[in-house]
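Scroll down for the structure; my scribbles are underneath it.
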Amino acid sequence: MPKRRKTRCGFLVVISGPSGVGKSTVVRRLLEVFPELKMSISATTRPPRPMEKNKLDYHFLTEKDFFEQVKNNSFLEWAQVHKYYYGTPIKYIEEEIEKNNIVVVEVDVQGASKIKEKININQLKCSAVFIFLIPPSVDILAFRLKRRKTEKVEAVNYRLRAAIAELQVMEKYDYIVVNDKVDSAAQKIRAIINVEKEKALLN
Ligand code: ADP
Ligand code: 5GP
């Protein structure tokens with residue numbers, strides 16, 4: 001017998017996968033087709049790319065400011081990814097979950113595993129669904145990383161080697177989504193979130 005239905009319940013949608021697989025592109029499309037989702041904006045010490053805007057794409061911080069925030073426990077998780085530091089601000093997530101909203105977090109595989117640990121030990125009072133985005137093939141991943149032209153050749157090769165290692169952890173995730181076409185990947189994630197929304201109402 002299902003328990004009494006709540007009207008809403010907030011949770012996290014953690015989207016991870018190798019660099020260049022298309023996480024940012026797919027998440028951008030997901031927010032267009034599912035506008036009520038809330039997006040967590042990470043902090044990073046990486047310099048902004050030409051089209052990126054502070055506070056919209058990332059909170060771009062100096063290393064000194066980043067570690068000040070680490071010291072103040074401002075991050076749900078933080079990690080070094082490809083020579084720079086990245087962190088997920090906790091305040092925004094707590095505020096949105098409190099309002100029963102669904103918050104999307106895009107992190108590397110280390111970040112996803114740290115978030116899972118915090119949820120398991122009840123340090124974050126909400127549930128989360130973990131989605132791993134994979135490329136249709138490693139060749140296509142290499143092509144996308146090179147075509148993005150945001151890194152030098154050595155950095156592309158470094159990210160590609162890391163990606164192959166990162167693909168090994170995919171079975172730890174709740175769902176695996178192939179990013180073949182941006183639209184269909186975003187729609188698959190939308191369907192997953194709708195299923196999880198129903199499940200959250202029954203818990
Ligand atoms: P990530 O955030 O995972 O590092 P990006 O979103 O920056 O990856 O995508 C890497 C590159 O691949 C970008 O140039 C993007 O336009 C392209 N891309 C993403 N998804 C697709 C797709 N489904 N088909 C073709 N190109 C894609
Ligand atoms: P990029 O520099 O290409 O924007 O991101 C590099 C990697 O860092 C990507 O895999 C991205 O998902 C990851 N990343 C972005 N924000 C965070 C974060 O807050 N925490 C962690 N652990 N990884 C992040």
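What you see is a predicted model; the values in this text were computed from it and never measured. First listed ligand is number 1; within each ligand, the first listed atom is number 1. Side chains included, hydrogens not; waters and symmetry mates left out as well; all remaining heavy atoms used.
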Is a side-chain donor or acceptor of T45 paired with a backbone partner of Y85 at a separation under 3.5 angstrom? yes

Using only atom types and a distance under 3.5 Å, with no angle test, would you say the side chain of Q110 pairs donor to acceptor with the backbone of Q80? yes

Determine whether the side chain, the backbone, both or neither of [X] has a heavy atom under 4.0 Å from any heavy atom of ligand 2.
X	result
V107	both
E106	both
E77	side chain
E166	neither
Q110	neither

Short N/O distance, under 3.5 Å, between [X] and ligand 2?
X	value
P18	no
R159	yes
R46	yes

Do the charged groups of [X] and [Y] touch, with an N to O distance under 4.0 Å?
X	Y	result
R144	D139	no
E96	K99	yes
K91	E95	yes

Ignoring hydrogens, just give me the one of Y84, Y85, Y58 whose non-hydrogen atom is nearest atom 5 (O) of ligand 2.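 Checking each option, the heavy atom nearest atom 5 (O) of ligand 2 is found in Y58.
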
Closest to atom 23 (N) of ligand 2 (judged by heavy-atom distance), picking from L76, T88, D57, D108: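 The residue whose heavy atom sits nearest atom 23 (N) of ligand 2 is D108.
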
Exceeds 12 heavy-atom contacts within 6.0 angstrom, atom NZ of K118: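 Yes - once you tally the heavy atoms of other residues, nucleotides and ligands closer than 6.0 Å, there are more than 12.
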
Can you list, by chain and residue number, every protein residue with a non-hydrogen atom closer than 4.0 Å to ligand 1? P18, S19, G20, V21, G22, K23, S24, T25, R144, R147, R148, N179, D180, K181, V182

Could you tell me if the side chain of T44 sits less than 4.5 Å from the side chain of L61, heavy atoms only? no

Under 4.5 Å between any side-chain heavy atoms of F132 and L167, yes or no?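 Counting from C-beta outward, F132 and L167 do come under 4.5 Å.
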
So if I count the atoms of ligand 2 from 1 in the order they appear, which ones are less than 4.0 Å from some heavy atom of G87?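 Listed by number with element: 18 (C), 19 (O).
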
Subset of ligand 2 atoms that lie under 4.0 Å from at least one heavy atom of R49: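 By the 4.0 Å cutoff, the relevant atoms are 1 (P), 2 (O), 3 (O), 4 (O).
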
Would you please test I189 and L133 for side chain to side chain contact (heavy atoms under 4.5 Å, CB included) and show each step? CA-CA 10 Å; I189 296 176; L133 210 56; 4.3 Å; yes

Looking only at protein heavy atoms, which one is nearest to atom 10 (O) of ligand 2, and what is the separation? K23 NZ, 3.3 Å

Test of understanding: clusters of I, L, V, M, F, W, Y form through side-chain heavy atoms closer than 4.5 Å, transitively. Do F60 and F66 belong to the same one? no

